Enquirer: 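This is the structure I have questions about; it appears just below.
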Amino acid sequence: MLSLTVLGATGSIGASTLDVVARHPDRYRVFALSGNRRVDDLAALCVRFAPRYAAVPDAEPARRLRALLRAAGCTTEVLDGPDSLAQISAAPEVDAVMAAIVGAAGLAPTLAAARRGKRILLANKEALVMAGPVFVAAARDAGAVVLPIDSEHNAIFQCLPADVQGDARAMPAAGVRRILLTASGGPFRTRPLAQMHTVTPDEACAHPNWSMGRKISVDSATMMNKGLELIEAHLLFGLPQERIEIVVHPQSVIHSMVEYLDGSVLAQLGNPDMRTPIAHALAYPERIASGVGALDLPALGRLDFEPPDPVRFPCLRLAREALAAGAAGPCVLNAANEVAVEAFLAGRIAFPDIAATDEAVLAALGHRPSPADVAGVLALDAEARSLAQSRIERCAR
Ligand code: NDP
Ligand code: MG
């Protein structure tokens with residue numbers, strides 16, 4: 001029995017995780033769940049999975065959750081406060097933590113799990129990008145196993161030899177030449193550029209292949225998601241960015257590829273459904289059923305590829321610049337982007353202003369030295385957010 005904490009249980013990855021878990025009651029026990037604002041959903045999950053704890057950061061939602069659980073006769077104990085999420089990640093009873101909170105809010109509990117040497121199923125790419133070397137060192141020092149949930153990184157992981165999968169430093173000896181990171185191109189891949197100023201949040205969130213939370217959906221529309229994934233791949237697999245190529249593949253069937261020195265290219269394919277990488281990481285190194293249907297290649301007929309358009313998707317260049325600076329770039333870029341996406345979703349700025357905000361903040365702060373510890377990461381993150389906010393005040397409509 002693997003005892004599991006699901007951070008971000010009320011989200012899209014949370015739902016897919018609990019769907020897989022529910023298929024294997026003999027293998028997984030839910031120790032704790034976390035949510036934030038969707039308290040009714042969290043209460044329903046507590047009734048269904050009977051975790052020992054449920055954690056929400058703020059006091060008022062926690063009060064509502066307690067009332068709902070009492071009315072339902074559910075004995076799950078509700079924790080709240082700033083440390084409650086780290087508490088359910090680091091508890092000695094926990095074997096594995098699904099890190100599926102969106103954004104920087106997931107850093108503290110994910111880092112707490114890393115420091116306790118837990119198995120980390122990492123969906124929360126923002127936490128990794130913002131804290132980069134600090135996070136990687138914490139996981140390595142404590143012997144935490146980090147299993148990528150992001151479909152591309154999970155695919156790359158599956159295409160690597162077993163002795164390299166969890167050890168970026170072993171990559172050169174494995175004969176890896178390049179990583180080919182696939183990208184769908186999102187909902188605006190072919191939209192006339194002249195229309196980009198008027199696209200709405202709902203249009204940006206209507207991803208052609210994946211059903212996801214709103215923040216990552218907007219990131220997919222700007223392709224900042226692929227930019228963050230480039231940084232994520234660099235951190236997880238230790239290859240320099242020149243050896244990570246981004247290929248647009250609109251069908252999202254090949255989830256990514258690894259190219260070897262002899263010219264072999266290994267790819268992982270599957271229907272676009274996050275339950276596949278989640279099941280892979282939950283059971284690793286075994287395999288379990290995920291509920292995902294078989295890939296029907298004849299019905300699919302064809303797989304297409306094209307290079308990404310640098311004019312349409314400036315965020316890809318920004319991510320490469322952030323990495324090239326070899327400094328605080330990734331942390332600064334992530335913070336600016338979170339603030340800009342929130343402003344776009346709230347209708348305060350136009351779609352192209354997201355990349356413009358990211359670019360301005362990166363230019364101003366991206367060359368700072370890389371923070372040496374978590375306090376430094378949080379201070380830099382706060383400074384970048386505040387700069388992004390003030391820029392947004394100026395261009396808000
Ligand atoms: P959702 O928006 O669907 O879910 C986000 C989760 O985080 C919810 O449980 C939400 O709680 C919680 N949350 C939000 N803000 C806070 C906060 N301040 N403190 C604590 N918890 C908070 O996002 P997704 O599930 O789509 O994405 C989660 C992560 O996984 C992201 O980092 C994303 O990049 C990554 N990912 C997602 C993929 C996908 O297919 N969805 C694919 C690959 C990566 P509540 O809803 O209760 O407010
Ligand atoms: Mg992805």
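Read the numbers this way: they start at 1 and go in the same order the structure lists the ligands and their atoms. Everything numeric here is computed off the predicted structure, so don't read it as measured data.
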Enquirer: Any N or O on Ser211 sitting closer than 3.5 Å to an N or O of ligand 1?
Expert: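 Looking only at distances, the answer is no, because the N/O contact criterion of under 3.5 Å is not met.
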Enquirer: Which bit of Glu126 is near ligand 1, meaning a heavy atom under 4.0 Å away: side chain, backbone, both or neither?
Expert: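 It is the side chain that touches ligand 1; the backbone stays farther off.
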Enquirer: Within the side chain of Arg320, is there an N or O that forms a donor-acceptor pair under 3.5 Å with the backbone of Leu230?
Expert: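 No, Arg320 side chain to Leu230 backbone: no donor-acceptor pair under 3.5 Å.
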Enquirer: Determine whether the side chains of Ser264 and Asp262 contain a donor N or O and an acceptor N or O closer than 3.5 Å.
Expert: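 Asp262 and Ser264 do have a side-chain donor-acceptor pair below 3.5 Å.
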Enquirer: Checking a contact table here: which protein heavy atom is nearest atom 43 (C) of ligand 1, and how many Å away?
Expert: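 Checked against all protein heavy atoms, atom 43 (C) of ligand 1 sits closest to Asp150 OD1, 3.1 Å.
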Enquirer: Indicate, as side chain, backbone, both or neither, the part of Ile216 found under 4.0 angstrom from ligand 1 when only non-hydrogen atoms are considered.
Expert: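 The answer is the side chain.
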Enquirer: If a pair satisfies salt bridge (charged side-chain N to carboxylate O under 4.0 Å, His left out) and one of its residues is in residues 360-380, list it, with sequence neighbours excluded.
Expert: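 The answer is Arg368-Glu383.
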Enquirer: Kindly confirm or rule out an N or O of Gly11 lying under 3.5 angstrom from an N or O of ligand 1.
Expert: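 So ligand 1 has an N or O lying under 3.5 Å from an N or O of Gly11.
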Enquirer: Is there any salt bridge (charged side-chain N to carboxylate O under 4.0 Å, His left out) pair reaching into residues 126-144, and which pairs are they, with sequence neighbours excluded?
Expert: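 Of all non-adjacent pairs touching residues 126-144, those that pass salt bridge (charged side-chain N to carboxylate O under 4.0 Å, His left out) are Glu126-Lys215.
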Enquirer: Based purely on interatomic distance, does Asn36 place a nitrogen or oxygen under 3.5 Å from a nitrogen or oxygen of ligand 1?
Expert: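 Indeed, backbone or side chain, Asn36 has an N or O that close.
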Enquirer: Under 3.5 Å between some N or O of ligand 1 and some N or O of Arg37?
Expert: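 Such a contact does occur with ligand 1.
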Enquirer: Just go through Leu42, Leu128, Thr10 and tell me whose heavy atom is the nearest to atom 45 (P) of ligand 1.
Expert: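 Among Leu42, Leu128, Thr10, the closest heavy atom to atom 45 (P) of ligand 1 comes from Thr10.
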Enquirer: Looking only at atom types and distance, does a side-chain atom of Thr76 sit under 3.5 Å from a main-chain N or O of Pro51, one as donor and one as acceptor?
Expert: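 Indeed, once roles are kept as given, a pair shorter than 3.5 Å links the two residues.
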Enquirer: Would you check the N or O atoms of Ser151, main chain and side chain alike, for any that come under 3.5 Å of an N or O of ligand 1?
Expert: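 No; the residue has no nitrogen or oxygen that sits under 3.5 Å from a nitrogen or oxygen of the ligand.
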Enquirer: Could you tell me whether Pro57 approaches ligand 1 through its side chain, its backbone, both or neither, with non-hydrogen atoms closer than 4.0 Å?
Expert: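 Pro57 to ligand 1: side-chain contact only, backbone stays beyond 4.0 Å.
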Enquirer: Using a plain distance cutoff, I'd like to know if Met212 has any nitrogen or oxygen under 3.5 Å from a nitrogen or oxygen of ligand 1.
Expert: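 No, Met212 has no N/O under 3.5 Å of an N/O on ligand 1.
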Enquirer: Of the backbone atoms (N, CA, C, O) and the side-chain heavy atoms from C-beta on, which set of Met274 has a member under 4.0 Å from an atom of ligand 1: side chain, backbone, both, or neither?
Expert: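 Side chain only; the backbone of Met274 stays clear of ligand 1.
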Enquirer: With sequence neighbours excluded, give me every salt bridge (charged side-chain N to carboxylate O under 4.0 Å, His left out) pair touching residues 70-88.
Expert: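 Applying salt bridge (charged side-chain N to carboxylate O under 4.0 Å, His left out) to every pair that reaches into residues 70-88, excluding sequence neighbours, yields Arg66-Asp80.
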Enquirer: Distances under 2.8 Å only: what protein N/O/S atoms are near the Mg ion (ligand 2), ordered by chain and residue?
Expert: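 For the Mg ion (ligand 2), the protein N, O and S atoms that sit under 2.8 Å away are Asp150 OD1, Glu152 OE1, Glu229 OE2.
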Enquirer: List the closest protein heavy-atom neighbour of atom 28 (C) of ligand 1: residue, atom name, distance to the nearest 0.1 Å.
Expert: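 Nearest neighbour among protein heavy atoms for atom 28 (C) of ligand 1, to 0.1 Å: Ala100 O, 3.4 Å.
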Enquirer: Per the side-chain contact (heavy atoms from CB on, under 4.5 Å) rule, which among Asp219, Leu362, Asn225 passes with Asn337?
Expert: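 Result for side-chain contact (heavy atoms from CB on, under 4.5 Å) with Asn337: Asp219.
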Enquirer: Report the part of Ser12 (side chain from C-beta onward, or backbone N, CA, C, O) that has a heavy atom under 4.0 Å from ligand 1; answer both or neither where that applies.
Expert: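 For Ser12, the contact with ligand 1 is made by both the backbone and the side chain.
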